[in-house]
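Okay, so here's the structure we're looking at.
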Amino acid sequence: MTRPRTPMRGATARRGGMWRWAILVTVLTVTSGIAGCGMATSAGGASISPSPVTGSPSPGTPSGQSAPPPSACPVVVAGFDCDLQRRFATVQAYLATRPGVVGVVVHDRQTGAVWRTGATDTPMWTESTIKLAMAVDLFLRDRAGKISLTPADRSLIQRMLHSSDDNAADSLWSEFAGPDKMAFNRDFAGYGMTSLVPQRGYSKTFPYWGFQKCTPNDLDRLVNYVLDKLPADTRQYIVGQLSAVDPDQRWGVWAAGPAANPGNKDGWGPEDNGWVMNTVGWVGPGQRYTLAVMNELRGHGGEEDGRDTDSHVAQLLFAGHFP
C-alpha cells in the first residue's frame, strides 16, 4: 500500500518510499584478499583496473608476432571469480552512459570480498530502504524486553517490509520513536548505518523516518548485519518477507532473475531536486552476495530511468551467473 504525501515547495507524492535526490548504486569494493584472478587495489581500497591491452606488439616483441593475450579477468579483484570480474567491467561501462549519480556495492559473504563503484560514500535520501533498519530495531528491542510488540505491531512490520507501506511506517515511528523521537536513530549506527543523519523536512516530527540520508556503504553494512548478526529466527523472517515482496517492489536487486533467488528492499520517490531510486538486497545460494545501489537522478531523468538503471545493474551482475 502507499500513502500520498503532501510536501511543501514542490515535492510530489510518492509510493512506498521517501523522496530525495540521489542515484547511487553500490557494488561492493574488493576488500578481501582471496586468490582468484589476482588483486590490485589503491591505498584507499578502491580497485584498480589494469591498463588496456592493444593488438600492437609490446616493446621487445619481435616484429610480426602478436602481443601476449590479455588477462582473462579485465578487472583484477581478489575474492571474485573471473565471470563476476568481467561483469564488474560491464557495469562500469554501462553506468558511464546513465543519467544522475550512482553508487554500487557488491559483497561476497563467502569470501568477504567487496567491490564498489561510483558515489558509495555520498549521503543520499534513504527513501524506504530505512524501513529495513526500522524492522531490525523493533525486533531487537522487543527481544531485549525494551518494548513489547503486539500482533498488530507485527502486522505493521510485515506490511512495511512486504509492500513498503508508508502508513505502517508512520504508525510504528509514532509509537516507538520515543518522546524525543530519537529511539530509532540512536540504534541505527549499531546496524552499520554509521553515516546516517536525520534531515529537516516537511514533517512536523524530527527525526522522522522519511527524512534521513545515508550512503550506499551504509546500506551494504545494514543488509550484511541482517544476514550475519541477527538471531536466526529474526533473520529467517526478514529473508522470507523480502524474498516474496509485493509486485511493485520487484525491481532493482530483484531483476537478477529467479535463478538468483533474490530478496530486496526498495525505496524511491521524487525529491525537490529530482527522483531517487534505491535498492538493497541479496542473491545466490544462501544469500551469498549482497547488492546495494543508490541512484540520485538530479533532474536528468525520471522514475523509470532510475528503476531501469538499478534493475539493469542487477541483471548485468547476476543474470545467468547461477546455474
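Quick note: numbers below take in every heavy atom, side chains included, and nothing from hydrogens, waters or symmetry partners. Note that the coordinates shown come from a computational prediction; the quantities given were computed from them, not determined experimentally.
- Side-chain atoms of N217 come within 3.5 Å of backbone N or O of T120 as a donor-acceptor pair.
- Taking 4.0 Å as the cut-off between side-chain N and carboxylate O, D166 and K131 count as a salt-bridged pair.
- Using a 4.5 Å heavy-atom cutoff, the side chains of Y208 and K181 are not in contact.
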Just list the side-chain donor-acceptor pairs under 3.5 Å for residues 182-192, sequence neighbours left out, or say none.
unit_1 : atom_1 : unit_2 : atom_2 : d
N185   : OD1    : Q212   : NE2    : 3.1
N185   : ND2    : Q212   : OE1    : 2.9
R186   : NH1    : D180   : OD2    : 2.8
R186   : NH2    : D180   : OD1    : 3.4
R186   : NH2    : D180   : OD2    : 3.4
Y191   : OH     : D137   : OD1    : 2.6

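- Here the side chains of V226 and V136 are in contact, with some heavy-atom distance below 4.5 Å.
- Interatomic distance, CZ of R288 versus NE2 of H321, reported as 7.0 Å (0.5 Å rounding).
- Counting only distance, with no hydrogens or angles, the side chain of R141 and the backbone of L149 share no donor-acceptor pair below 3.5 Å.
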Please determine whether side-chain contact (heavy atoms from CB on, under 4.5 Å) holds for the pair D246 and S164, giving the CA-CA distance in whole Å, both sets of side-chain angles, and the decisive distance to 0.1 Å.
CA-CA 9 Å; D246 192 74; S164 201; over 6 Å; no
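- By the 4.0 Å N-to-carboxylate-O rule, D81 lies too far from R87 to be salt-bridged with it.
- The backbone N or O of A244 sits less than 3.5 Å from a side-chain atom of H162, completing a donor-acceptor pair.
- Expressed to the nearest 0.5 Å, how far CG of L156 lies from CD of Q158 amounts to 10.0 Å.
- No side-chain donor-acceptor contact under 3.5 Å links T279 and K265.
- S155 contributes no side-chain N or O that, together with a main-chain N or O of P151, makes up a donor-acceptor pair within less than 3.5 Å.
- Checking side-chain atoms of R143 against main-chain N and O of P231 turns up no donor-acceptor pair under 3.5 Å.
- In this structure, a donor-acceptor pair under 3.5 Å is absent between the side chains of R109 and T290.
- R200 forms a cation-pi arrangement with F206, by the criterion of a distance under 6.0 Å to the ring centre and an angle within 45° of the ring axis.
- The aromatic rings of F318 and F322 lie parallel to each other, their planes meeting at an angle below 30°, with 60° marking the opposite boundary.
- Remark: the backbone N or O of T194 is paired with a side-chain donor or acceptor of D218 at under 3.5 angstrom.
- Remark: the backbone N or O of G267 is not paired with any side-chain donor or acceptor of S128 at under 3.5 angstrom.
- For the residue pair W209 and D170, a side-chain donor N or O sits within less than 3.5 Å of a side-chain acceptor on the partner.
- Atom OG1 of T129 and atom CH2 of W268 lie 11.5 Å apart (nearest 0.5 Å).
- Among the candidates V280, I130, L132, the single residue satisfying the side chain to side chain contact (heavy atoms under 4.5 Å, CB included) test with L222 is L132.
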Could you go through the side-chain contact (heavy atoms from CB on, under 4.5 Å) check for L196 and K213 one step at a time?
CA-CA 5 Å; L196 183 139; K213 286 187 177 183; over 6 Å; no
Test side-chain contact (heavy atoms from CB on, under 4.5 Å) on R86 and T90; report intermediate values, then the result.
CA-CA 6 Å; R86 286 188 288 268; T90 302; 5.6 Å; no
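- Listed by chain and residue number, D142 satisfy the side chain to side chain donor-acceptor pair (under 3.5 Å) test with R154 (two or more places apart in sequence, or in another chain).
- Within the 3.5 Å criterion, the main-chain N or O of D266 finds no donor-acceptor partner in the side chain of N278.
- Distance alone, capped at 3.5 Å, places no donor-acceptor pair between the T234 side chain and the L230 backbone.
- To the nearest 0.5 angstrom, L316 atom CG is 12.0 Å from F88 atom CZ.
- Distance check, rounded to the nearest 0.5 Å: CD of Q287 to CG of D228 gives 10.0 Å.
- Side-chain contact between W282 and L291 is absent, with no heavy-atom pair separated by less than 4.5 Å.
- A donor-acceptor contact closer than 3.5 angstrom is absent between the side chains of D308 and S311.
- To the nearest 0.5 angstrom, N264 atom CG is 9.5 Å from R250 atom CZ.
- Between the side chain of E304 and the main chain of G302, no donor-acceptor pair closer than 3.5 Å is present.
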Run the side-chain contact (heavy atoms from CB on, under 4.5 Å) check on Y94 and T309 step by step: do they pass?
CA-CA 9 Å; Y94 170 68; T309 295; 4.0 Å; yes
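- Y225 and R221 share no donor-acceptor pair across their side chains, judged by distance under 3.5 Å alone.
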